Protein chains: 2
Amino acid sequence: MYTIDSKSYPCCTSVTMRFIGGKWKAVILHHLIGGAKRYNELRKVIPTITERTLSLQLKQLEEDNIIDRKVYTEKPPLMVEYTLTDFGKTLLPVLEAITQWGIAAPDNSKKITKN
Amino acid sequence: MYTIDSKSYPCCTSVTMRFIGGKWKAVILHHLIGGAKRYNELRKVIPTITERTLSLQLKQLEEDNIIDRKVYTEKPPLMVEYTLTDFGKTLLPVLEAITQWGIAAPDNSKKITKN
DNA sequence: CAGCATCCGCTATGATACTG
DNA sequence: CAGTATCATAGCGGATGCTG
């Protein structure tokens, strides 16, 4: 049994899902593998996420110390960059496995269409 | 861009999360890696899941052709076994990566307590 | 044993408009 | 540019009781 922020998780698998579960977190992290990205750059590569949701997910990832948020300007227009922390980088093998499966999946399931 | 059941997914990562995302699916699959398990066996190894949720998640995994449901009796008491399908087994590398990260995570983050 | 039925609150996600 | 505010909704997950 594991405890995170006063909540219980029954096994190691559920611990991982606590950090990268949900609809968007793995996708965001996937796009940060190549290096730092700005808020609007993330929006462009994930066109179906809304501003609000992206904002909330980034905040949570930052709280979990998986990504780092750096502000480069004092006054508008703002310039903010997001990068993986060292802890976040320990997720690389997981993200890689998730990505590879997603690439191969359309060949293995009729439900998935690539277009 | 990918399409599954008339919904759009912006990248391969989000496709994978469509199948194993959420709080429980990866946990359930993790416990099926070793072979077939019955409904109540799953409940025992995942004590914090409710009957209803386990039931719903199993149904969804079955619909996605990730697990197979076999009924071995005609009349009560019922005997039902769940196993990974061949398609489900393609998830093994992903589940393995998720599990390994969960095992190592408490050493890398102060937020996680093992007890 | 392996579930379904019902009710319900919470959280996640979304649409739109606005701001430092 | 990088968000926040507000409002709204859908689905997840839970509690309890019942059934073939």
Side-chain angles (χ1 to χ4, degrees), chain A residues 4-11 13-14 17-29 31-32 36-64 67-83, chain B residues 4-10 13-14 17-28 31-32 36-64 67-83:
Chain A
I4 307 169
D5 294 334
S6 307
K7 288 186 182 175
S8 296
Y9 297 82
C11 77
T13 309
S14 59
M17 297 315 283
R18 150 69 178 72
F19 283 89
I20 62 161
K23 193 171 173 180
W24 296 114
K25 283 183 179 172
V27 179
I28 293 169
L29 295 174
H31 288 294
L32 290 179
K37 276 216 162 54
R38 299 172 63 174
Y39 182 81
N40 272 353
E41 289 180 309
L42 287 172
R43 284 193 62 201
K44 267 177 214 162
V45 291
I46 316 174
T48 50
I49 198 171
T50 61
E51 294 177 14
R52 172 191 152 83
T53 300
L54 176 58
S55 197
L56 287 172
Q57 302 296 309
L58 287 169
K59 212 173 284 180
Q60 287 178 26
L61 289 168
E62 195 191 351
E63 265 175 32
D64 285 341
I67 63 172
D68 196 30
R69 179 180 185 271
K70 277 182 193 148
V71 186
Y72 288 97
T73 53
E74 277 278 319
K75 289 176 184 176
L78 291 184
M79 152 123 181
V80 179
E81 272 190 357
Y82 295 93
T83 51
Chain B
I4 307 170
D5 294 334
S6 308
K7 287 186 181 175
S8 296
Y9 297 82
T13 309
S14 59
M17 298 316 283
R18 150 69 178 73
F19 282 89
I20 63 161
K23 192 172 176 181
W24 296 115
K25 283 183 180 172
V27 179
I28 294 169
H31 288 293
L32 292 179
K37 276 218 162 53
R38 299 173 61 175
Y39 182 80
N40 272 352
E41 289 180 309
L42 287 171
R43 284 194 61 199
K44 267 177 214 161
V45 291
I46 316 174
T48 49
I49 199 172
T50 62
E51 294 177 15
R52 170 192 153 83
T53 299
L54 176 56
S55 199
L56 287 174
Q57 301 295 310
L58 287 170
K59 209 172 287 180
Q60 287 178 28
L61 289 168
E62 196 192 349
E63 265 174 32
D64 285 342
I67 63 172
D68 196 31
R69 180 180 185 270
K70 277 182 192 147
V71 187
Y72 287 97
T73 53
E74 276 280 319
K75 288 177 184 176
L78 290 185
M79 153 119 179
V80 179
E81 271 191 357
Y82 295 93
T83 52

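These numbers were taken from a predicted model, which means no experiment stands behind them.
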Rounded off to whole Å, could you give me the [atom1]-to-[atom2] distance for the [X] and [N] pair?
X	N	atom1	atom2	answer
B:L42	C:dA2	CG	C1'	12 Å
A:I46	C:dT13	CD1	C1'	14 Å
A:L54	C:dA15	CG	C1'	15 Å
A:K37	D:dG3	NZ	P	16 Å
A:K7	D:dG14	NZ	P	10 Å
A:E41	D:dA2	CD	P	8 Å
A:R43	C:dA15	CZ	P	12 Å
A:I49	C:dA12	CD1	P	13 Å

Sorted by number, residues from residues 69-82 of chain A placing a heavy atom under 4.0 Å from DNA chain D are A:R69, A:P77, A:L78, A:M79, A:V80, A:Y82
Checking A:T50, A:I49, A:L54 against A:R52 for side chain to side chain contact (heavy atoms under 4.5 Å, CB included), the one that qualifies is A:T50
Partner of B:Y82 under side chain to side chain contact (heavy atoms under 4.5 Å, CB included), picked from B:D68, B:L58, B:L61, is B:L58
Is the closest side-chain heavy-atom distance between [X] and [Y] below 4.5 Å?
X	Y	result
A:R18	A:D64	yes
A:M17	B:W24	no
A:V45	A:V27	no

Minimum heavy-atom distance [X]-[Y], with the two atoms named:
X	Y	answer
A:I20	A:K25	O-CB, 4.0 Å
B:H31	B:L42	CB-CD2, 4.1 Å
B:T83	B:A36	CG2-CB, 3.2 Å
B:P10	A:I46	CG-CG2, 4.2 Å

*asked:* Does D:dG11 have its OP1 or OP2 closer than 4.0 Å to a side-chain nitrogen or oxygen of B:W24?
replied: no
| said: Does a side-chain N or O of A:K23 approach OP1 or OP2 of C:dG14 to a distance below 4.0 Å, or not? | reply: yes
What nitrogen or oxygen pairs link the protein and nucleotides 4-6 of chain D at under 3.5 Å?
residue	atom	partner	partner atom	Å
D:dT4	OP1	A:K59	NZ	3.2
D:dT4	OP2	A:S55	OG	2.7
D:dT4	O4	A:E51	OE1	3.1
D:dT6	O4	A:R52	NH1	3.4

Query raised in the report: What is the nucleic acid contact for B:Q57, judged by heavy atoms within less than 4.0 Å: base, sugar-phosphate only, or nothing?
Result: sugar-phosphate
